[in-house]
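Report on one structure; see the data block that follows.
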Amino acid sequence: MNNAFMDTYHRLPVTFSRGEGSWLYDINGKKYLDFGSGIAVNLLGHNYPPLVRAVTEQAAKYFHVCNYYQSDVSAAFAEKLVEACAPAGMKKVFLANSGAEANEGACKLARKYSLSKYGPGRHTIVTLTGSFHGRTITTLSATGQDRFHRDFGPFTEGFIHIQGGDIEALDRALDAKTTAGLLLEAVQGESGIVPQSQEFIAAAAKLCAQRDILLMFDEIQCGLGRTGTFLALEQYSDENGNPIKADIITLAKGLAGGIPAGAVLAGEKACDVFTIGDHGSTFGGNPIAAAAGLVVLKTINTPDFLEEIRRKGEMLTAALSAHPKVKAIRGKGFIIGFDIEANAWPLLEAALSRADITKNQCGLLLLSAGVNTIRLLPPFTLNDGEIEQGLSIISELLNQS
């Protein structure tokens, strides 16, 4: 392994050199079936031809212009993204580079909204235990997991964490005198794939509306079709059965199919809160990322494509649920977590190490989430045969564990 990198990742012993569809190939020619898609980034798999064409064509035109000006492709991407999120109430977008940057922007937006309308003192952001919102100092403050906090304090003040599903705690935390926003993931990813309940999301929408607290959804891992709907929040409704309307939504990871991209979208209350000079991003709206993002939006946001994600997700979930060594399974569509009795990391290592050219045997790329949870975030282009092949490997490894 290359020792020029800082030692920040627990890297598995493989170096990749190319990819094709649902497969990655290492520098020795071994092949690996990808059930992680770069942690929900490569939504359309590897070397997806329309993405390659879009990126190549844009690179031949121009790489970058600063945000003193508009880029034609970035403007088109912004319009399509707002259109895709309009059913959730979105009106305008700020384009960024990453999920942490998007969540940082969302927190700034919520605080300025509250300060402008109510004055100082109403700046608290409420998030959930088990949440993950990024690794900057502020988004670490928002993240409700102590394991990410060690060694990095003091943190940005004004964040509190409550347990998801606890409506009484939510009611207490959403103090109209001190709270600017509620930031939550409809399906938490890093803590083991934990969907929030319908009752909790409905209560959150009601309380935020009553108290003029901004309702913010972090859709960075669970959005963009991952649950089988374009946004995960589309699978929730308010107490009257109506679709949930958010005030702010953040997106990143797969937004540009593998090119760094993030976004902060805002609805009616917050879309005009930022004014000139309030926020910025050197690479936000990069033309190459925007060109790729247009392909992602055009491809995934159709009823047939999303239905296929749901169908294939059910295929995965049903098979895993039937295995006696799977202790619990959670998730929707292609964001799935299942618990095993043993530590998850050795299973990831075993799945990787089974790659063997002499035996014509592939490896399998899996993810973990916590100590005992295997996380699956496959590319949406995964076909039925590849699903069956991956399931067969998982079953083999579980039987050996």
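For the pair W23 and C362, the tightest heavy-atom approach, listed with the atom from each and the gap, is CZ3-CB, 3.7 Å. When all heavy atoms are compared, the tightest approach of A173 to I160 is CB-CD1, 3.9 Å. Listed here is the closest heavy atom pair of P260 and A289: O-CB, 3.5 Å.
Contact of the L364 side chain with the L352 side chain is not registered, since no non-hydrogen atoms from C-beta on lie closer than 4.5 Å. Looking at heavy atoms from C-beta onward, D146 lies out of side-chain contact with R150 at the 4.5 angstrom threshold. Contact annotation: the side chain of V295 never approaches that of K298 to less than 4.5 Å [non-hydrogen atoms, C-beta and beyond]. Using a 4.5 Å heavy-atom cutoff, the side chains of L81 and L95 are in contact. Side chains of P379 and E386 form no contact here, defined as non-hydrogen atoms less than 4.5 Å apart. In this structure, Q196 and E185 have side chains that are not in contact, with every pair of non-hydrogen atoms separated by 4.5 Å or more.
A salt bridge (Lys or Arg N to Asp or Glu O under 4.0 Å) with D339 is found for one member of K327, R330, K325 and no other, namely R330.
A salt bridge links K117 with D212: the distance from a Lys NZ or Arg NE/NH1/NH2 to an Asp or Glu carboxylate oxygen falls below 4.0 Å. The pair R311-E314 fails the salt-bridge criterion, with no side-chain N (NZ, NE, NH1 or NH2) lying under 4.0 Å from an Asp/Glu carboxylate O. Under a 4.0 Å N-O distance rule, the pair D238/K206 does not qualify as a salt bridge.
Summarising the geometry, atom CD belonging to Q58 is positioned 9.5 Å from atom CZ belonging to F63; distances are rounded to the nearest 0.5 Å. Here the CD atom belonging to E234 is positioned 8.0 Å from the CD atom belonging to E219, to the nearest 0.5 angstrom. For the atom pair OG1 (T143) and NE2 (H149), the distance works out to 5.5 Å, reported to the nearest 0.5 Å.
A cation-pi arrangement, defined by a distance under 6.0 Å to the six-membered ring centre and an angle within 45 degrees of its axis, is present between R18 and Y25. Cation-pi check for R122 over Y118 is met; the charged atom lies under 6.0 angstrom from the ring centroid and within 45 degrees of its normal.
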Show me the side-chain donor-acceptor pairs of residues 240-250 shorter than 3.5 Å, one per line, residues at least two apart or across chains.
residue : atom : partner : partner atom : Å
K245    : NZ   : P87     : O            : 2.7
D247    : OD2  : L215    : N            : 2.8
T250    : OG1  : N103    : OD1          : 2.8

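In summary, the side chains of E104 and T139 do not present any donor paired with an acceptor at a separation below 3.5 Å, with no hydrogens or angles considered. In summary, the side chains of D272 and Y113 do not present any donor paired with an acceptor at a separation below 3.5 Å, with no hydrogens or angles considered. Of the N and O atoms on the side chains of Q145 and S131, not one donor lies less than 3.5 Å from an acceptor on the other residue. If you check the side chains of T124 and D175, you find no donor sitting under 3.5 Å from an acceptor. Defined by atom type and a distance below 3.5 Å, a donor-acceptor pair is present between the side-chain atoms of S191 and Q188.
For K108, the NZ atom is densely surrounded, since the number of other residues' heavy atoms within 6.0 Å is greater than 12. Open room surrounds CD on E341; 12 or fewer heavy atoms of other groups in view lie less than 6.0 Å from it.
Partners of H161 under the ring pair (Phe, Tyr, Trp, His ring centres under 6.0 Å) rule, at least two apart in sequence or in another chain, do not exist in this structure.
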